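Following: one structure in structure tokens, then a few remarks.
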Amino acid sequence: MKFTKYPVLAAALATLAALPACTETKTAAGTEAAAAATEIAADSALTANTPTAGNATAADLNNGTPATIPVGQRADAVTILARPQVPILCYHQIRDWKSSDSKGAKDYIIPVAQFKAQMQMLADSGYHAILPDQLYANLTTGAPLPSKPVMLTFDDTDLDQFTVARPTLEKHGFKAVYFIMTVSLGRPRYMSKAQVKQLSDEGNVIGSHTWDHHNVKKYQGQDWVTQIEKPTKVLEEITGKKVNYFAFPFGLWNPEAIPELKKRGMDAAFILAEKRDQQDPLFTIRRIIASGYWSPRTLHNSMVQSF
């Protein structure tokens, strides 16, 4: 997906309707391997005594938030980089493949049954879905996380994230992070403002994903207002909560973007499988795209190998 500088709304929506998002990132690797049953069963046996899978809130763990952790008590970059990375999964569309979907697009489109099987694997294997405040507290203060933490993130505001992902996550007690692209709110095949508010009210985190997915590396002047400031205000008006987490479109970032995000109230930002910034690792937290080709076993293997 590519956008020119300051695209008009109609052009942006036309592009959104035609293409899957984030196709400029590295293609998620891996294809279907062997059946998942053996590995899942073995992993479940090892974690039989692990607490039931679900979301442990920051309040439960008394970890604090970016607003309550004093600056002087936050770890330096070297310490943060040395802490274990939590597996963070990035999802886009959750729907069955169509004949018109390209081979590359299928990396970003998770068939419904496949998504449900992946979530079942996480639950059966004892994973606990955490939220950004918990991760922030862990990275900056060493606050404890639940056993086998994982973060589930969804980009681009697709409607199926509400109609398919939400009830599936609820079944397992998981909460997630939804990075919203505000240009698409209320459009066909995308979430409405009311649905975004409902996700927030139910304990999920709403983050910013720009106005129209414009590449941050190309921002100049007013782009920071158009792409970050205005969309953040819109999301805060919808949710009634501060929006302080950001996901880079396409996972693409540059060092110049970090101080600009800080000026606009962001406490952390998420990339994809790129190298982390050595001075500001909180603004280059890694994720991997959960490929539509991956079985639960392949997903598990990728989580272990990537983090």
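On a predicted model such as this, the values are computed, not experimentally measured, just so you know.
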### Task
List the atom of Leu169, the atom of Ala176, and the distance in Å for their closest heavy-atom pair.
CD1-CB, 3.7 Å

### Message
So does Trp294 get a backbone contact from the side chain of Gln114, meaning a donor-acceptor N/O pair under 3.5 Å?
### Response
yes

### Message
Can you confirm whether Glu274 sits close enough to Thr284 that some side-chain heavy atom of one is under 4.5 Å from a side-chain heavy atom of the other?
### Response
no

### Where at least one partner belongs to residues 229-254, residue pairs that pass salt bridge (Lys or Arg N to Asp or Glu O under 4.0 Å), sequence neighbours excluded
Glu229-Arg264

### Message
Side chains of Gln195 and Tyr178: any donor to acceptor distance under 3.5 Å?
### Response
no

### Query
Can you name the nearest heavy-atom pair linking Pro87 to Met303, along with the distance?
CB-CE, 3.9 Å

### Task
Evaluate the criterion side-chain contact (heavy atoms from CB on, under 4.5 Å) for residue pair Lys171 and Met119; output intermediate values, then yes/no.
CA-CA 9 Å; Lys171 173 183 176 182; Met119 294 303 103; over 6 Å; no

### Task
Report yes if the side chains of Lys148 and Ser125 come closer than 4.5 Å at any heavy-atom pair, otherwise no.
yes

### Query
Distance from His92 atom NE2 to Asp160 atom CG, nearest 0.5 Å?
11.5 Å

### Message
I'd like to know if the side chain of Asp156 reaches the main chain of Met181, judged simply by a donor and an acceptor atom lying under 3.5 Å from each other, with no hydrogens or angles considered.
### Response
no

### Message
Trp224 vs Lys263, test: side-chain contact (heavy atoms from CB on, under 4.5 Å). Steps then yes/no.
### Response
CA-CA 10 Å; Trp224 291 104; Lys263 289 178 188 177; over 6 Å; no

#### Entry: Flag, side chain of Thr182 to backbone of Pro231, donor-acceptor distance under 3.5 Å
no

## Note on the structure
In this structure, OG of Ser306 is separated from CG of Leu89 (nearest 0.5 Å) by 9.5 Å

#### Entry: CD1-CD1 distance between Ile206 and Ile180, expressed to the nearest 0.5 angstrom
5.0 Å

### Message
I'd like to know if the side chain of Asn204 reaches the main chain of Leu199, judged simply by a donor and an acceptor atom lying under 3.5 Å from each other, with no hydrogens or angles considered.
### Response
yes

### Message
Hydrophobic clusters here meaning ILVMFWY residues chained together by side-chain heavy-atom distances under 4.5 Å, can you tell me if Val225 and Tyr219 are in one?
### Response
no

### Query
Could you go step by step and tell me if Ile228 and Leu261 meet the side-chain contact (heavy atoms from CB on, under 4.5 Å) rule?
CA-CA 8 Å; Ile228 306 297; Leu261 291 174; 4.2 Å; yes

### Task
Apply the side chain to side chain contact (heavy atoms under 4.5 Å, CB included) test between Leu152 and each candidate in Ile130, Val177, Leu122; give the one that qualifies.
Leu122

### Query
Can you say whether the rings of His209 and Phe179 are parallel (under 30°), tilted (30 to 60°) or perpendicular (over 60°)?
tilted

### Message
Would you say that Thr65 contacts Tyr136 through its side chain, given a criterion of any heavy-atom pair below 4.5 Å between the two side chains?
### Response
no

#### Entry: Test item: Asn244 side-chain N/O and Met266 main-chain N/O as donor-acceptor pair under 3.5 Å
no

### Query
Considering all heavy atoms of both residues, which atom of Ser200 and which atom of Thr239 are nearest to each other, and what is their separation?
OG-CB, 3.6 Å

### Query
Is any side-chain heavy atom of Thr153 closer than 4.5 Å to a side-chain heavy atom of Tyr91?
no

### Query
Hey, what do you get for CD (Gln278) to CD1 (Ile80), rounding to the nearest 0.5 Å?
11.5 Å

### Task
Please report the shortest heavy-atom distance between Lys217 and Asn215, naming the atom on each side.
N-OD1, 3.0 Å

### Message
Would you compute the distance between atom CG of Leu299 and atom CZ of Phe115 and round it to the nearest 0.5 angstrom?
### Response
10.5 Å

#### Entry: Any donor-acceptor N/O pair, Trp97 side chain to Ile109 backbone, under 3.5 Å
yes

### Message
For residues Leu81 and Leu139: do they belong to one hydrophobic cluster (side chain heavy atoms under 4.5 Å, members Ile, Leu, Val, Met, Phe, Trp, Tyr)?
### Response
no

### Message
I'd like to know if the side chain of Thr298 pairs up with that of Asn301 as donor and acceptor (distance under 3.5 Å, no hydrogens or angles considered).
### Response
no

## Note on the structure
Nearest heavy-atom contact between Pro249 and Thr210 is CG-CG2, 3.5 Å

### Query
If only atom types and distance count, is the side chain of Gln134 paired as donor or acceptor with the main-chain N or O of Pro146 below 3.5 Å?
no

#### Entry: Validation row: Tyr127, His300 side chains within 4.5 angstrom (heavy atoms)
yes

### Task
Kindly say whether Pro111 contributes a backbone atom to a donor-acceptor pair with the side chain of Lys106 at under 3.5 angstrom?
no

#### Entry: Minimum side-chain heavy-atom gap Leu185-Tyr190 below 4.5 Å
no

### Message
Please say yes or no: joined through hydrophobic side-chain contacts below 4.5 Å, possibly via intermediate residues, are Met121 and Phe307 part of one cluster?
### Response
yes

### Task
Check the pair Arg95 / Val164 against side-chain contact (heavy atoms from CB on, under 4.5 Å), numbers first and verdict last.
CA-CA 8 Å; Arg95 62 169 176 79; Val164 180; over 6 Å; no

### Query
Using a distance-only test with no angle check, is there a side-chain donor-acceptor pair under 3.5 angstrom linking Gln227 and Asp223?
no

### Query
Looking only at atom types and distance, does a side-chain atom of Asp280 sit under 3.5 Å from a main-chain N or O of Phe283, one as donor and one as acceptor?
no

### Query
If you measure only the distance, is there a donor-acceptor pair under 3.5 Å linking the side chains of Tyr245 and Asp133?
yes

### Query
Any idea which heavy atoms bring Ala165 and Ile94 closest together, and the distance?
CB-CD1, 3.5 Å

### Query
Got a second to check how far Arg287's CZ is from Phe248's CZ, nearest 0.5 Å?
10.5 Å

### Query
Using the ring of each side chain (for Trp, its six-membered ring), is Phe250 parallel, tilted or perpendicular to His213, with breaks at 30° and 60°?
perpendicular

### Query
So, the side chain of Arg286 versus the backbone of Ile88: is there a donor-acceptor pair under 3.5 Å, distance only?
no

